[in-house]
Amino acid sequence: MRAGLKQVAHPARWAKPEPWHDRAVTDSGATRTIDYSALTAPVSREEAKMFRAQARMQPAYASTSNVGAVIVVAVVASFFLFAFIGIASSFAQLITDLAQRGGGAGLIPAIVIPLIIGAALVLTGIGVFRSVTGGSGRWANWLRMTRFAAANGLVFAPHDTDPAYPGAIFGQGRSRTVLNHFRSADGRFFDFGSYRYVTGSGKSQTTHNWGFLALSLDRALPNMVLDSKANNGVFGGTNLPASFDKSQVLSLEGDFDKYFTLYCPKEYERDALYVFTPDLMALLIDEASPFDVEIVDKWMFVYSAAAFPPVEPTVYQRLFRIIDTVGAKTITQTDRYVDERVANFAANIVAPQGQRLKRGFSIGGLVIVVLVAVYWIGSFVYPLFSR
């Protein structure tokens, strides 16, 4: 094991944020102070309503009134209305019959039961409405995140359109959206949030949710992926929407291979070793081992296999810690990098053969293809032998 690479236990996904104010030295040498108190501060219903009224006038919030949600609410409301009318009509007829027969004792339940059912339907309808539209809780959370952004020099948007990033999870499917989106207002650019896109159609339609962190780098670097082994699939294949040719796997020393599979372009192995020094490897194990990490062009991306929970101080503390440790070390480690195939530091580019990894097949996908092929061949062969 090379000096500097620590052996560590697999870390918890989120560490407990303590204290509520974090101080860290950024790559520029400045001290960053993060105040998380706004994320847990109480928000009254009146504050949420006032914020909603003001925010709806801003472009970032104008599209939060989902037309589809309104249609769903209208359909559900119609269902409950017709159900209540049907039940009320039946009991009204029952009450009439009981009154004509002089059944006074039966009138009480005949009146009380439809009232109870009606109240249950109304409460259920309110619950569905709040679930579909987000209710006041969504606006209270957005107010907390807006205050958190203002206190820490960030810009917040409840959702943004598809970001034009070169990373593996971006550009997939359709209806691509960033939710609960934070970005830096000045200094080195970074942003993080939850990324959603849709694939397939009809019954096979699937919505994919990711958490991501993007950090701007100074130097253009070869495309390299650290595929975390903590979030791989059943067959050990990558959970990323892109699979990479196994001939590009580079084994690193120490315990690093227990946590990540490193992919780098062929003939860029020396470049990868230049970037992933023992101290950077140790930081990656300590801070980012539950996540996939990709370096491409002038970007470093960190991918979570699930969307980031909103208004969770532990989530944001982990992300800032990755920025201020893994990100800062990556920037300083690569500040003099130049692709020897280009041999021009000022050009700050990577040769074409190092810009993108070669794609491959996932093990899980290959197994599915084989099973389908066997089934298809069997459907033709079996009738021949069953005669």
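Computed from a predicted structure; not experimentally measured. Numbers here are sequence positions counted from 1.
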Side chain of Gln172, backbone of Tyr197: donor and acceptor closer than 3.5 Å?
-> no
Residues Asp191, Arg183: salt bridge by 4.0 Å N-O rule = no
Apply side chain to side chain contact (heavy atoms under 4.5 Å, CB included) to Thr161 and list each qualifying residue two or more places apart in sequence or on a separate chain.
-> none
Kindly say whether the aromatic ring centers of Phe182 and Phe190 come within a distance under 6.0 Å.
-> no
Would you check if there is a donor-acceptor pair between the side chains of Arg144 and Asn141 at a distance under 3.5 Å?
-> yes
Residue from Asp271, Asp218, Asn348 passing side-chain hydrogen bond (donor to acceptor under 3.5 Å, both in side chains) with Tyr337 | Asp271
Show your reasoning for whether side chain to side chain contact (heavy atoms under 4.5 Å, CB included) applies to Phe291 and Ser228.
-> CA-CA 6 Å; Phe291 311 114; Ser228 173; 5.8 Å; no
How about Asn223 and Arg356: does a side-chain donor come under 3.5 Å of a side-chain acceptor?
-> no
Within the side chain of Gln248, is there an N or O that forms a donor-acceptor pair under 3.5 Å with the backbone of Lys358?
-> yes
Which class fits the ring pair Phe244 and Tyr263: parallel under 30°, tilted 30 to 60°, perpendicular over 60°?
-> tilted
Name the orientation class of the two ring planes belonging to Phe212 and His181 (parallel below 30°, tilted from 30 to 60°, perpendicular beyond 60°).
-> tilted
Return the orientation label for the Trp139 and Phe51 ring planes: parallel under 30°, perpendicular over 60°, tilted otherwise.
-> perpendicular
Short N-O contact, Arg147 and Glu47, less than 4.0 angstrom = yes
Are Ser216 and Lys298 close enough, and set up right, to give a side chain to side chain contact (heavy atoms under 4.5 Å, CB included), and what steps lead you there?
-> CA-CA 6 Å; Ser216 173; Lys298 297 180 182 179; 5.5 Å; no
Compute the centroid of each ring, for Phe170 and then for Tyr195, and state whether the two points are separated by less than 6.0 Å.
-> yes
Relative to each other, are the rings of Trp210 and Tyr303 parallel, tilted or perpendicular (30° and 60° limits)?
-> perpendicular
